[in-house]
Every structure is written in C-alpha cells, then in structure tokens.
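One structure is given below, encoded as structure tokens.
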Amino acid sequence: AIGPHPSVALSRAARHAIDMLKPGGTLVIRDYGRLDEAQMKLSRGEKSLGSNFYRKGDGTGCYYFELQDLKDLFVNDEDDCTKLELL
C-alpha cells in the first residue's frame, strides 16, 4: 500500500508500481481527492494531523491529494504519462 507521507519509501513504492506496468499499461489509483465530501466532514472535527492529512474514526490516516501531487509522485518524464484525470 502507498501511504500518505512523502518519503523515500513512498517514492520507491510509486516507482515500483510504474515499473510493474506492461508497455502502454494503465495505473488506476483510488485516492482521496482534495476538497471531497469526506475531507469536508473530517475538517469539521479535531481530526486534522496536518495540511490535508486527517485521522479517520478507525485510527487510520488519510491524505487528500490533488492531481499535481500524484503527478509529482508518479511521473518522472512527461512521456511516461499520457493521461492524468479524476474520475
């Protein structure tokens, strides 16, 4: 699993995910989109652990990404990415 904190391990995990793709393959990520309904609910309480990072009721942390965050993490070369979008 790819966690929410920028780190060497996170970058290594992202690179590994890309390296496992077949040529022309697609990487689909289920993430928490910044300013979505879940983030708005969490932001009303005392669950903030930092900028866009929150603790959910079950104790797990979640970070709310923007497309640029994912691009910075996964795309080393513009030719590596043909499409990056929210669904």
Side-chain angles (χ1 to χ4, degrees):
I2 295 178
H5 298 290
S7 67
V8 173
L10 178 60
S11 296
R12 195 170 38 243
R15 187 77 253 156
H16 181 72
I18 294 298
D19 290 345
M20 293 295 100
L21 288 175
K22 292 182 180 181
T26 300
L27 178 63
V28 178
I29 300 170
R30 193 318 191 163
D31 74 323
Y32 297 95
R34 191 150 311 155
L35 301 177
D36 72 6
E37 183 179 348
Q39 182 183 15
M40 295 298 96
K41 287 179 183 177
L42 287 172
S43 68
R44 289 187 215 121
E46 297 294 320
K47 298 180 182 192
S48 178
L49 300 175
S51 180
N52 299 302
F53 184 50
Y54 300 87
R55 182 169 314 282
K56 293 171 36 177
D58 63 1
T60 59
C62 55
Y63 179 80
Y64 290 83
F65 291 94
E66 288 186 338
L67 285 177
Q68 188 61 48
D69 297 323
L70 296 174
K71 186 174 184 179
D72 292 346
L73 183 60
F74 285 96
V75 180
N76 292 329
D77 179 349
E78 290 298 321
D79 293 336
D80 287 347
C81 182
T82 58
K83 190 175 193 179
L84 182 63
E85 67 179 335
L86 294 173
L87 300 177

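These numbers come from the heavy atoms of this one structure, side chains and all, not from hydrogens, waters or symmetry mates.
Here Gln68 contributes atom CD and Leu73 contributes atom CG; the two are 11.5 Å apart, rounded to the nearest 0.5 Å. To the nearest 0.5 Å, atoms CG (Leu27) and CG (Leu21) are separated by 5.5 Å.
Every residue was checked against the salt bridge (charged side-chain N to carboxylate O under 4.0 Å, His left out) condition with Asp58, not counting sequence neighbours, and none meets it. For Asp69, the salt bridge (charged side-chain N to carboxylate O under 4.0 Å, His left out) partners at least two apart in sequence or on another chain are Arg34.
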